[in-house]
Amino acid sequence: MKEVRVRFAPSPTGPLHIGGVRTALYNYLFAKKHGGKFLLRIEDTDQTRFVPGAEAYIIEALNWCGVSYDEGVGIGGPHAPYRQSERKELYRKYADQLVSEGHAYYAFDTSEDLDQMRDRLKAKGVATPQYDVFTRGEMVNSLTLTPEETSSRLESGDAYVIRILIPENEEILVNDLIRGEVKVHSSRLDDKVLFKSDGMPTYHMANIVDDHLMEITHVIRGEEWLPSAPLHVLLYRYLGWEAPQFAHLPLLLKPDGNGKLSKRDGDRLGFPVFPLHWTDPVSGEISSGYRESGYLPDAFINMLALLGWNPGSEKEIFTMDELVEVFSFERVGKSGSKFDPEKAKWFNHHYLSNLPNEDAARLLVAILNEKGINTTLEYAVQVCAMVKERAVLIPDLWDQSWFFFQAPESFDEKVIQKFWKPETPALLNKISALLEDTSDFSVENLDNVVKGFIQNNNLGMGQIMNTLRLVLVGGSFGPGVAAIISLLGKDETVNRISKALEKLG
RNA sequence: GGUCCGUUCGUCUAACGGUUAGGACGCCAGGUUUUCAUCCUGGUAAUAGGGGUUCGAUUCCCCUACGGACUACCA
């Protein structure tokens with residue numbers, strides 16, 4: 001059997017959004033599952049839409065989430081170059097071949113001509129004005145011009161495009177791995193431009209030529225391409241090439257209402273739509289990313305994989321390798337999936353709390369460094385062991401543990417009102433003294449010491465625990481009191497008690 | 001408007017003719033806990049509507065409704 005070769009082919013017009021990442025992911029999973037190759041091709045045939053930084057963004061995003069490619073922009077490969085603008089010369093001869101074999105023709109219409117044609121047809125009540133079998137006879141092209149007129153226009157340098165000549169009366173079949181057989185009548189297709197007047201091929205031409213030359217076996221792309229798939233099938237046939245298999249993925253929809261997920265939804269609903277943070281080079285507009293928001297790449301991928309695909313079992317936590325193992329198009333759904341930001345958080349929480357303490361500690365240390373706080377990895381490991389399961393996003397690691405690195409400056413009024421009694425200072429002083437005399441600072445022993453104190457003095461548990469917690473962390477949150485004391489150590493604990501007592505009396 | 005694709009709890013989805021229609025997120029309630037979380041247990045909630053086919057339809061067919069994509073010398 002032929003080696004599986006698939007590609008992800010974005011155009012560098014801006015940041016990649018998570019729908020694009022999912023398309024790349026499914027390509028990757030399919031390739032790896034079948035021991036094939038996954039390539040990255042940049043489709044930059046539209047020079048007017050080029051956005052600086054977009055290509056670098058795409059590569060960085062793929063690298064961040066572990067969707068690595070075997071050939072492509074940045075790393076090269078046997079079919080280099082992988083940027084279509086650098087393959088410009090390749091396409092022309094195939095367009096010429098189509099013209100000479102009667103499957104394509106030259107068209108000299110200006111954009112004004114085209115507009116007029118559309119207006120004229122609309123006025124006549126035609127629903128979809130197209131450059132097609134019905135209208136091509138009224139336009140300026142090598143079908144209506146004499147051969148002499150055509151060649152003289154060509155020679156004099158008139159602007160022209162090359163359009164495909166769609167056959168008149170034919171049922172075109174597209175076989176889709178997800179949707180089965182899709183049938184479209186050729187009379188519904190228009191004579192799409194294959195070659196633009198600026199000398200660049202359009203997407204339709206370039207993608208067929210490149211997929212063939214790069215020996216792509218499966219075209220896995222978004223559903224928005226389904227309507228033009230029949231055109232592509234025709235192109236493969238006219239060029240005499242074997243068409244790859246197609247798989248058109250359902251779209252990612254916005255969480256509320258309907259329609260496909262867009263950049264605006266993220267701003268509106270407060271969740272990232274992009275894998276990485278992005279600043280628009282022109283407008284300066286900023287879009288948040290999953291990475292910067294504190295998501296783990298593994299969680300991000302796991303979440304994305306299950307949006308539109310399911311394993312057929314009740315398992316839902318998967319490593320990348322496990323995904324590769326079980327992925328198949330049979331289990332990709334046909335309908336669009338609404339994106340659920342809450343589920344994304346759930347995945348991240350799961351991954352964060354299952355992270356080895358050392359890994360979590362490294363994330364925490366990075367935050368600490370940014371804040372100019374010095375600590376040891378060993379200490380951070382102990383902190384994370386206590387707080388990681390309380391964190392949903394990476395920054396929560398700090399939000400849940402800052403008091404291990406600095407004494408509280410203020411104390412929660414509500415806790416004071418509820419638990420701070422006239423006798424509290426005296427009791428805390430006693431505990432402080434008791435702790436000073438304690439040498440075993442293990443959590444277990446500390447727990448016994450504090451609870452023993454409470455019992456021996458016939459006090460309420462909540463009374464002491466809550467005030468002790470208050471003076472140590474400043475409020476009513478955090479891990480167990482004994483655990484906090486244990487990690488803080490004798491000096492710091494005693495210190496915090498006396499400092500708080502000065503403030504709270 | 002036209003073409004194409006789609007439609008199971010609020011959301012992601014399972015059930016490829018026979019199940020009390022299952023799981024997960026969310027939400028609600030209880031439990032664990034010195035706090036807040038976590039965690040555990042339970043609960044809530046769905047086959048868009050109408051016709052067929054069939055002994056039997058979530059499942060197959062048709063119609064309707066609704067939703068989406070596409071409809072550029074953009075990808």
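Letters go in sequence order (proteins before strands), and every chain restarts at 1. The model shown is predicted, which means the values in this text are computed figures rather than measured ones.
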Residue pairs passing the side chain to side chain donor-acceptor pair (under 3.5 Å) test where at least one lies in residues 185-203 of chain A, sequence neighbours excluded: A/Tyr105-A/Asp191, A/Arg136-A/Asp191, A/Asn169-A/His185, A/Asp190-A/Lys192, A/Tyr203-A/Arg221
Can you pull out every side chain to side chain donor-acceptor pair (under 3.5 Å) where at least one residue sits in residues 325-339 of chain A? Sequence neighbours excluded, please. A/Asn310-A/Arg331
Mind checking ring-ring contact (aromatic ring centres under 6.0 Å, His included) for A/Tyr94 and listing every partner two or more places apart, or none if nothing turns up? A/Trp241
Applied to residues 465-483 of chain A, the salt bridge (Lys or Arg N to Asp or Glu O under 4.0 Å) test, sequence neighbours excluded, yields none
For A/Asp96 and A/Tyr91, does a side-chain donor sit closer than 3.5 Å to a side-chain acceptor? no
Within the 4.0 Å limit for protein heavy atoms, which parts of nucleotides 70-75 of chain B are touched? Write it as a string from 5' to 3', B for base, S for sugar-phosphate only, - for none. S--BBB
Just jot down the side-chain hydrogen bond (donor to acceptor under 3.5 Å, both in side chains) partners of A/Glu43, sequence neighbours excluded, or say none. A/Arg41, A/Gln84
Taking atom C1' of B/A37 as reference, at what distance in whole Å does atom CD of A/Gln400 sit? 7 Å
B/C27 - base-pair partner by Watson-Crick or wobble geometry, distances under 3.5 Å: B/G43
Measuring only the P atom in each nucleotide, how far is B/C39 from B/A24? A whole number of Å is fine. 13 Å
Kindly write out the residues that satisfy ring-ring contact (aromatic ring centres under 6.0 Å, His included) with A/His17, not counting sequence neighbours, or none if the list is empty. none
Could you list the donor-acceptor pairs under 3.5 angstrom formed between side-chain atoms of residues 445-453 of chain A and any protein atom two or more places apart in sequence or on another chain?
{"from": "A/Asp447", "atom 1": "OD2", "to": "A/Lys451", "atom 2": "NZ", "distance (Å)": "3.1"}
{"from": "A/Asn448", "atom 1": "ND2", "to": "A/Glu444", "atom 2": "O", "distance (Å)": "3.4"}

Going by purine N1 to pyrimidine N3 plus the second Watson-Crick contact, or the G-U wobble pair, all under 3.5 Å, which nucleotide sits opposite B/U38? none
Please name the nucleotide paired to B/U20 by Watson-Crick or G-U wobble geometry with both distances under 3.5 Å, or report none. none
Searching all strands shown, indicate the nucleotide that pairs with B/G6 (Watson-Crick or G-U wobble; both distances under 3.5 Å). B/C66
ring-ring contact (aromatic ring centres under 6.0 Å, His included) filter on A/Phe405, not counting sequence neighbours, yields A/Tyr379
Any non-hydrogen side-chain atom of A/Tyr106 less than 4.5 Å from a side-chain atom of A/Asn141? no
If we call it a pair only when both distances are under 3.5 Å in a Watson-Crick or G-U wobble match, what pairs with B/C74? none
Whole-Å distance between B/C12 P and A/Asp256 CG? 12 Å
List the residues meeting ring-ring contact (aromatic ring centres under 6.0 Å, His included) with A/Tyr26, not counting sequence neighbours, and say none if there are none. A/Phe327
Atom C1', compared across B/C66 and B/G31: separation rounded to whole Å: 44 Å
What are the atom names and distances for every N/O pair under 3.5 Å that joins the protein to nucleotides 5-9 of chain B?
{"from": "B/C5", "atom 1": "O2'", "to": "A/Arg179", "atom 2": "NH1", "distance (Å)": "2.5"}
{"from": "B/C5", "atom 1": "O2'", "to": "A/Glu223", "atom 2": "OE2", "distance (Å)": "3.0"}

Base, backbone or nothing for each nucleotide of nucleotides 22-34 of chain B, written B, S, -, heavy atoms under 4.0 angstrom, 5' to 3'? SSBS--------B
